[in-house]
There are 2 protein chains.
Amino acid sequence: MLNGRTPSVKDVAASAGVSLGTVSNVMNRPEVVSARTRERVERAMTELGFVRNESARQLRAGTSRTLAYVMLDGTNPFFHDVAQGIELAAEDADLSLFICNSNSRASREEVHLDRLLQQRVQGILITPVDPAAPHLDELSRRGVPLVVVDRVRGVDNCCSVAVDDVLGGRIAVEHLAEQGHERVAFIGGPDSLGQVGERLQGAREIWSSLGRSPDDLIYLPTDAMTVADGRSAGERLAGLPARRRPTAAFCANDLLALGLLQQSIGAGLRVPDDLAIVGFDDIEFAAAAAVPLTSVRQPRQELGRAAAQLVLDEATNPDHKHSQLQFTPELVARASTVSRTRTV
Amino acid sequence: MLNGRTPSVKDVAASAGVSLGTVSNVMNRPEVVSARTRERVERAMTELGFVRNESARQLRAGTSRTLAYVMLDGTNPFFHDVAQGIELAAEDADLSLFICNSNSRASREEVHLDRLLQQRVQGILITPVDPAAPHLDELSRRGVPLVVVDRVRGVDNCCSVAVDDVLGGRIAVEHLAEQGHERVAFIGGPDSLGQVGERLQGAREIWSSLGRSPDDLIYLPTDAMTVADGRSAGERLAGLPARRRPTAAFCANDLLALGLLQQSIGAGLRVPDDLAIVGFDDIEFAAAAAVPLTSVRQPRQELGRAAAQLVLDEATNPDHKHSQLQFTPELVARASTVSRTRTV
DNA sequence: GTCGGACTTTGAAATGTTTCAGAGAACGTG
DNA sequence: CACGTTCTCTGAAACATTTCAAAGTCCGAC
């Protein structure tokens with residue numbers, strides 16, 4: 001009857017001696033079918049090794065069972081933690097999660113979005129290359145539930161989930177000031193990145209509100225936020241005349257901080273005595289560094305989980321209101337700023 | 001005409017004044033339709049904002065346009081690099097890649113596989129929790145193209161891609177011996193993991209072939225292969241009586257090595273002078289460590305790329321033969337074993 | 001007995017594509 | 001002007017599900 005073909009509902013129905021509709025009922029509302037037939041159908045299903053064809057289901061039912069996350073940079077563990085949070089929420093809602101990676105390339109991002117549209121996914125979470133990109137508006141216009149993660153869009157035409165970056169900058173620099181540092185570097189870039197700008201802004205705010213001179217908060221811009229950029233920032237730092245050289249650095253993410261840490265130790269500096277370092281994100285590897293890294297923690301999994309919940313609300317709740325969630329970052333002090341502490 | 005509905009081929013056809021079939025032809029074999037109509041149809045498509053419904057396409061065409069990778073442990077960057085390699089190959093073949101994460105839980109793995117089956121993905125790549133699990137046989141029996149990545153299955157009923165772990169163990173320990181170490185620790189576990197066993201075996205082989213006593217190669221088993229396990233191994237190492245204490249450690253992966261490095265430096269040891277450390281995998285963070293880590297490099301992206309090619313071959317080539325690809329690992333010497341070297 | 005209701009099951013329609021045999025049109029050739 | 005070719009286009013069938021109105025069955029109450 002079925003020669004090699006993978007068995008369909010029809011085959012199951014035939015084998016169990018019932019109609020198509022009944023088999024479908026067994027799968028979708030088992031309570032309406034009598035125990036006797038249900039059993040018979042279930043036996044037939046396992047005997048034939050039946051596996052529901054999700055394409056057909058989706059085509060007819062009109063609703064897909066997957067969410068998607070387009071992450072920005074696969075080499076930064078931060079985004080994997082966010083993805084993990086999304087996955088947990090998706091699992092709770094019994095959905096699959098499609099993870100894509102734009103690798104910071106707008107063109108790649110567009111290709112992914114296009115495919116996801118074709119797939120008719122139930123909702124899209126994204127950390128966009130450029131939050132202002134028109135193809136994101138396009139999505140909203142089409143009515144695809146959309147949540148921007150770890151970024152914010154100018155307008156409130158979609159949900160977003162992020163952390164208060166200004167506050168993050170404040171607490172990082174406040175911590176350094178408390179440790180007695182009088183000259184601090186801010187390392188990060190490009191400053192076209194909203195977050196970099198905001199973290200720097202927070203740093204400057206608290207710095208001046210502590211009565212320090214703006215000249216003592218030195219901005220060392222970087223091209224990107226990788227470990228390599230951190231290393232080269234370290235070299236630039238070392239090249240500064242001793243009088244102007246900061247005794248502490250606040251890096252806009254942990255990758256930079258890790259690079260700076262490596263470069264500094266390699267150059268024979270003691271951390272934190274010669275140079276204190278604060279990172280941002282608090283990825284796993286921050287705590288695992290040779291000198292455990294002080295970092296501004298983002299609730300990474302929570303970010304993802306909350307974003308998933310928003311996208312689900314938009315997908316299922318007819319009177320959904322867009323909202324911009326903002327989490328509060330938190331300083332985790334470790335040995336890279338606090339001498340003789342062994343917090344891990 | 002279409003009230004709120006997303007437009008279908010039928011709508012495009014109506015709007016362009018052609019038949020369904022012609023619209024389909026424009027999408028799938030543009031060469032058979034005249035330039036004039038093609039243009040007209042294309043205009044209609046953009047005007048209506050038509051997006052092909054992939055479910056319907058797949059249902060009718062019988063073939064899906066996605067591959068899937070079920071990764072073992074999302075917290076280990078190694079697997080993300082593998083995934084990246086797969087993604088590149090998928091991109092070349094114009095396929096989407098579905099990334100799942102079993103988090104080392106067999107139950108989670110099964111859920112994912114089940115969904116992928118329902119999705120009728122074109123092929124599955126997997127780093128399984130247990131390469132001998134019966135649900136993997138199940139897949140082969142169903143005829144789903146399957147490739148096991150970074151593991152090998154006992155029998156040759158499916159393709160696999162891995163690295164020569166015995167050789168990896170040999171070159172790591174050979175390197176340490178060359179550096180003059182007389183007592184070496186092997187850190188890793190559980191040894192039920194095939195790879196751990198093989199790396200240990202390689203270590204032992206070369207050690208004895210160099211005429212050293214088996215007593216001087218100390219096996220420190222761990223519960224898992226995380227940074228935390230590396231730290232606790234470091235504590236156990238420190239607890240050994242000075243006479244028996246190794247001067248070098250070979251860790252079965254980089255996470256362990258990073259943990260060991262952190263613990264050692266925190267305890268005031270100098271690396272490599274007091275303790276030399278070799279890792280395995282050569283993840284990005286190995287090179288980024290405060291003391292850059294010597295590691296046995298696996299060609300991570302290549303692994304993924306090769307696996308993807310195998311799965312595609314199985315999916316498309318009717319006389320596909322299963323093969324077990326084995327890559328050759330390579331030692332990357334850095335400062336954690338070689339004093340006053342600044343290789344990064 | 002018959003009726004009404006509760007509980008099951010059925011069969012056909014619908015979903016949005018692709019495919020393919022064949023219908024039409026256009027045109028040069030004999 | 002009939003014919004064969006070549007180039008385009010069409011229309012219906014097929015894919016595997018879900019849904020839902022309607023048909024059946026059973027059972028206790030009157």
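First the proteins, then the strands, lettered A, B, ... as listed; each starts at 1.
- Interface limits on DNA chain D: the 5'-most and 3'-most nucleotides within less than 4.0 Å of chain B heavy atoms are dT8(D) to dA16(D).
- The shortest side-chain heavy-atom distance between Pro77(A) and Phe79(A) does not fall under the 4.5 Å cut-off.
- As a whole-Å value, the separation of Asn53(B) CG from dT18(C) P is 10 Å.
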Exercise for the section: Please test Arg108(A) against Glu87(B) for salt bridge (charged side-chain N to carboxylate O under 4.0 Å, His left out), starting from the C-alpha separation and ending with a verdict. Expected result: CA-CA 12 Å; Arg108(A) 205 70 204 114; Glu87(B) 162 110 37; 3.2 Å; yes

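- Side chains of Leu146(A) and Val311(A) form no contact here, defined as non-hydrogen atoms less than 4.5 Å apart.
- The shortest side-chain heavy-atom distance between Phe327(A) and Gln298(A) does not fall under the 4.5 Å cut-off.
- Residue Val51(A) is classed as a sugar-phosphate contact, given heavy-atom separations below 4.0 Å to backbone atoms only.
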Practice task
Please assess Arg153(B) against Asp130(B) for the test salt bridge (charged side-chain N to carboxylate O under 4.0 Å, His left out), listing each intermediate value before the final yes or no.
Solution key: CA-CA 9 Å; Arg153(B) 304 199 65 198; Asp130(B) 170 14; over 6 Å; no

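- Rounded to a whole Å, the CG atom of Leu20(A) is 13 Å from the P atom of dA13(C).
- Comparing Ala61(A) and Thr22(B) by the nucleotide of DNA chain D whose heavy atom lies nearest to each, the residue mapping closer to the 5' end is Thr22(B).
- Between Gln84(B) and His80(B) there is no side-chain heavy-atom pair separated by less than 4.5 Å.
- Here the C1' atom of nucleotide dT17(C) and the CD atom of Gln118(A) are 12 Å apart, to the nearest Å.
- Between Arg52(B) and Val9(B) there is no side-chain heavy-atom pair separated by less than 4.5 Å.
- Across the protein-nucleic acid pair, Arg57(B) atom CZ and dT15(C) atom C1' stand 16 Å apart, rounded to whole Å.
- Rounded to an integer number of Å, the gap from Asp11(B) CG to dT15(C) P is 11 Å.
- Contact between the side-chain N/O atoms of Arg60(B) and the OP1/OP2 oxygens of dT15(C) is not found at any separation under 4.0 Å.
- Heavy atoms of Ser8(A) sit under 4.0 angstrom from primed sugar atoms or phosphate atoms, though from no base atom.
- Using a 4.0 Å cut-off on heavy atoms, the residues of residues 25-38 of chain A that approach DNA chain D are Met27(A), Asn28(A), Arg29(A), listed by number.
- Computed from coordinates, the Glu54(B) CD to dT18(C) C1' distance equals 12 Å when rounded to whole Å.
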Exercise for the section: Determine, stepwise, if the pair Ser160(B) / Gln324(B) fulfils side chain to side chain donor-acceptor pair (under 3.5 Å). Expected result: CA-CA 5 Å; Ser160(B) 68; Gln324(B) 340 288 130; 3.2 Å; yes

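- One interatomic measurement links the two molecules: CZ of Phe50(B) to C1' of dT18(C), which rounds to 12 Å at whole-angstrom precision.
- No side-chain heavy atom of Glu42(B) sits under 4.5 Å from any side-chain heavy atom of Thr46(B).
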